[in-house]
Student: 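Take this structure first; my questions come after.
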Amino acid sequence: MSAAYHLVEAHPDADVVLLEAEPVLAHHTTGRSAAILVENLSTKPNRVLTRASVDFLHDPPEGLVDAPLLSPRTVMHISSEEQSEEMDELLAKGSSLPSPSVELTVDEAMGYFPPLRRELIHRAALEPDCADMDVGALHQAYVRGFRRGGGQISTTARVDAARSDGDGWCLETTDGVIGVDVVVNAAGAWGDMVAVSAGVEPIGLQPRRRTAFMVDGPGCDTTGWSFTAGIGHNWYVKHDGVQMLCSLGDETPSEPCDAKPEELDVALAIERINGATTLGIRSVNSAWAGLRTFTPDLSLAIGPDPDTPTFVWCVGQGGCGIQTSRGAGLLLADLALGGEPSAVFGGADISGLLPGRFRSHG
Ligand SMILES: Cc1cc2nc3c(=O)[nH]c(=O)nc-3n(C[C@H](O)[C@H](O)[C@H](O)COP(=O)(O)OP(=O)(O)OC[C@H]3O[C@@H](n4cnc5c(N)ncnc54)[C@H](O)[C@@H]3O)c2cc1C
């Protein structure tokens, strides 16, 4: 949706149509995230996209949203003695951010998340300047901006095959046949399938399932509590109104599908969270799962296919597709028709985002 919005913004003369297989938008991964913005996350190329997104998320263009998209939140990572090296790496990666990651004392860590079991904290680090994102409102902002720019949305319109006729593409969809000049492949977990259906070499996308669930909160004032995670996100928990959102941070390889939560993953998450905290979780209010889809090197792939330039990739959003959405959509729109990255990227190295890196001949 972000790519579609930025395409109409950057190319007002282009006719852009967004084809969605499902009857509603955001039914898959976008509607299933933990909705947290953390700059100290993911690969260097992906961080370029997050950086290019932050100002937009803080201050979206006039008329796209009715309320702020971000609410301040801190993120805290906890490590055991054996995970000390991982903690050093995290602190080093976060040291050059505008709000650098900081190491906390155990007392400070307890202040940021009082239910922690103090005796299990060896080290703790805080990301001071994170945020909860209103993903529904952000998605609607892109929809609104896209429609305002003349874009059209067709739902229940799955692309089953794309045939290149030299000048452009003939798309066979469940809603009929459509002729287009350029195809943007933003099909999430299905990205490689769409490529194959277009006769384009896939790039080796790997969808990985992650389960999340809601439990009752502790029933006290949780204002100021951090999103708290075992380092490496092998469990995490954040308060969300009167409930707590929890996850095992699982990354189970999956085929593209409508992902469902696994009871075992929920049970293991409860065991880990109860082991690390005094929350004493006994029952689950709701659970869901989504596919986080990664390229082989974990960075997004954005831009024209090196062998078929009218086939443009926008895939591999992994676990940071919401917080990178502005940067990814903007870069896509910059590159889709052969242009250069916008000034927003400040001349950053984007080579680690281009799809050609996955082709030995590219
Ligand atoms: C539990 C969990 C927690 C997460 N937490 C965060 C977080 O805190 N912060 C963050 O930034 N990110 C987070 N993410 C990741 C984020 O949600 C994803 O990176 C992002 O939503 C991916 O968006 P997408 O548009 O690529 O995929 P999707 O939302 O899955 O969209 C792809 C769309 O393509 C459609 N499609 C597929 N094939 C076709 C076809 N042939 N024709 C037409 N349409 C097709 C699908 O129906 C789907 O609607 C989380 C993900 C999960 C699962």
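Read the numbers this way: they start at 1 and go in the same order the structure lists the ligands and their atoms. Just so you know, residue 1 is the first one in the sequence shown, and it goes up from there. The analysis underlying the following values was restricted to heavy atoms, covering all of them including side chains, and did not include hydrogens, waters or symmetry mates.
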Student: Would you mind running through ligand 1 and noting each atom that sits below 4.0 Å from a heavy atom of G290?
Tutor: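 Answer, ordered by atom number: 53 (C).
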
Student: Regarding ligand 1, does A189 bring an N or O atom to under 3.5 Å of one of the ligand's N or O atoms?
Tutor: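 Checking ligand 1 against A189, no N or O pair falls under 3.5 Å apart.
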
Student: Do T293 and Q317 come within less than 4.5 Å of each other through their side chains, counting heavy atoms only?
Tutor: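 With C-beta onward as the side chain, the pair stays apart.
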
Student: Checking a contact table here: which protein heavy atom is nearest atom 34 (O) of ligand 1, and how many Å away?
Tutor: A187 CA, 3.5 Å

Student: Which option wins on minimum heavy-atom distance to atom 49 (O) of ligand 1: E20, E22, H28?
Tutor: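 Closest candidate by heavy-atom distance is E20.
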
Student: Just by distance, do the side chain of S101 and the backbone of S95 share a donor-acceptor pair under 3.5 Å?
Tutor: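 No, the answer is negative, given that no donor and acceptor are paired below the 3.5 Å cut-off.
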
Student: Can you figure out which of L171, T30, T324 has its heavy atom closest to atom 29 (O) of ligand 1?
Tutor: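 Nearest option to atom 29 (O) of ligand 1, by heavy atoms: T30.
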
Student: Which atoms of ligand 1 sit under 4.0 Å from any heavy atom of A157?
Tutor: 43 (C)

Student: Suppose I only count heavy atoms of I322 and a 4.0 Å limit; which atoms of ligand 1 are within that range?
Tutor: 10 (C), 11 (O), 12 (N), 16 (C), 17 (O), 21 (O)

Student: Test of understanding: given a 4.0 Å heavy-atom threshold, classify the contact between S325 and ligand 1 as side chain, backbone, both, or neither.
Tutor: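 Contact part for S325 vs ligand 1: neither.
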
Student: Looking only at distance, does G319 have an N or O less than 3.5 Å from an N or O of ligand 1?
Tutor: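 Min N/O separation from ligand 1 is below 3.5 Å for G319.
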
Student: Counting each atom of ligand 1 from 1 as listed, which ones have a heavy atom of R158 under 4.0 Å away?
Tutor: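 Ligand 1 atoms under the 4.0 Å threshold to R158: 40 (C), 41 (N), 42 (N), 43 (C).
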
Student: Do other residues, nucleotides or ligands put more than 12 heavy atoms under 6.0 Å from the CE atom of M214?
Tutor: yes

Student: Could you walk me through whether L25 and L18 pass the side chain to side chain contact (heavy atoms under 4.5 Å, CB included) check?
Tutor: CA-CA 10 Å; L25 300 173; L18 183 141; 3.8 Å; yes

Student: Return yes or no for this condition: an N or O of R32 is under 3.5 Å from an N or O of ligand 1.
Tutor: no

Student: Please could you name the atoms of ligand 1 that M133 approaches to less than 4.0 Å, counting only its heavy atoms?
Tutor: 9 (N), 11 (O)

Student: Of the listed options (A186, G188, G321), which comes nearest to atom 27 (O) of ligand 1 when hydrogens are ignored and any heavy atom counts?
Tutor: G188

Student: Could you tell me whether the side chain of R359 reaches within less than 4.5 Å of the side chain of I203, counting heavy atoms only?
Tutor: yes

Student: Taking side chain as C-beta onward, heavy atoms only, is H122 less than 4.5 Å from M87?
Tutor: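 When only atoms from C-beta onward are counted, M87 and H122 do not touch, as no gap falls below 4.5 Å.
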
Student: Tell me if a side-chain donor or acceptor on N185 pairs with a main-chain N or O of G191 at a distance below 3.5 Å.
Tutor: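 Yes, N185 side chain to G191 backbone: donor-acceptor pair under 3.5 Å.
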
Student: I want to confirm something. Looking only at heavy atoms, which of T173, L37, I36, V24 is nearest to atom 9 (N) of ligand 1?
Tutor: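 Result: the heavy atom closest to atom 9 (N) of ligand 1 is in I36.
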
Student: May I ask whether atom 31 (O) of ligand 1 is less than 4.0 Å from at least one protein heavy atom?
Tutor: no

Student: In ligand 1, which numbered atoms sit nearer than 4.0 Å to a non-hydrogen atom of C320?
Tutor: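 With C320 as reference, the close atoms of ligand 1 come out as 10 (C), 11 (O), 12 (N).
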
Student: Taking non-hydrogen atoms only, is D160 closer than 4.0 angstrom to ligand 1 via side chain, backbone, both or neither?
Tutor: neither

Student: Side chain or backbone, does A35 bring an N or O within less than 3.5 Å of an N or O on ligand 1?
Tutor: yes

Student: Does R357 reach the main-chain N or O of L354 with its side chain, forming a donor-acceptor pair under 3.5 Å?
Tutor: yes

Student: Does R292 reach ligand 1 with a nitrogen or oxygen that is under 3.5 Å from one of the ligand's nitrogen or oxygen atoms?
Tutor: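 No, R292 has no N/O under 3.5 Å of an N/O on ligand 1.
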
Student: For the pair E82 (side chain) and S79 (backbone), establish whether a donor and an acceptor sit closer than 3.5 Å, ignoring hydrogens and angles.
Tutor: no

Student: Can an N or O of V159 be found at a distance shorter than 3.5 Å from an N or O of ligand 1?
Tutor: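 Indeed, backbone or side chain, V159 has an N or O that close.
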
Student: In terms of hydrophobic clusters joined by side-chain contacts under 4.5 Å, are L41 and L91 together?
Tutor: no

Student: Against ligand 1, does R210 come closer than 4.0 Å with any heavy atom?
Tutor: yes

Student: Can you find an N or O of Y236 that's nearer than 3.5 Å to an N or O of ligand 1?
Tutor: no

Student: Are any non-hydrogen side-chain atoms of E340 and D334 less than 4.5 angstrom apart?
Tutor: no

Student: When you compare ligand 1 with L291, is there at least one nitrogen or oxygen pair between them that comes in under 3.5 angstrom?
Tutor: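 Such a contact does not occur with ligand 1.
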
Student: Can you check whether W225 reaches C220 side chain to side chain, under 4.5 Å on heavy atoms?
Tutor: yes

Student: Between R208 and T252, is there a donor-acceptor pair closer than 3.5 Å when you use the side chain of the first and the backbone of the second?
Tutor: no

Student: Thinking salt bridges, do R326 and D55 make one under a 4.0 Å N-O criterion?
Tutor: no

Student: Can we say K260 and D258 salt-bridge, meaning some charged N sits less than 4.0 Å from an Asp/Glu carboxylate O?
Tutor: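 Yes, K260 and D258 are salt-bridged.
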
Student: If the cut-off is 4.0 Å to any non-hydrogen atom of V194, which atoms of ligand 1 fall inside it?
Tutor: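 Counting atoms of ligand 1 from 1, those under 4.0 Å from V194 are 41 (N).
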
Student: When the ring planes of F56 and Y142 are compared, do they come out parallel, tilted or perpendicular, using 30° and 60° as the limits?
Tutor: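 F56 and Y142: parallel rings.
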
Student: Do any nitrogen or oxygen atoms of A21 lie less than 3.5 angstrom from nitrogen or oxygen atoms of ligand 1?
Tutor: yes

Student: Identify, by atom number and element, the atoms of ligand 1 in contact range of W190, meaning under 4.0 Å from any of its heavy atoms.
Tutor: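 Matching atoms, with element in brackets: 37 (C), 38 (N).
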
Student: State whether the shortest distance between N or O atoms of G318 and N or O atoms of ligand 1 falls below 3.5 angstrom.
Tutor: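 In this structure, G318 places an N or O atom under 3.5 Å from an N or O of ligand 1.
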
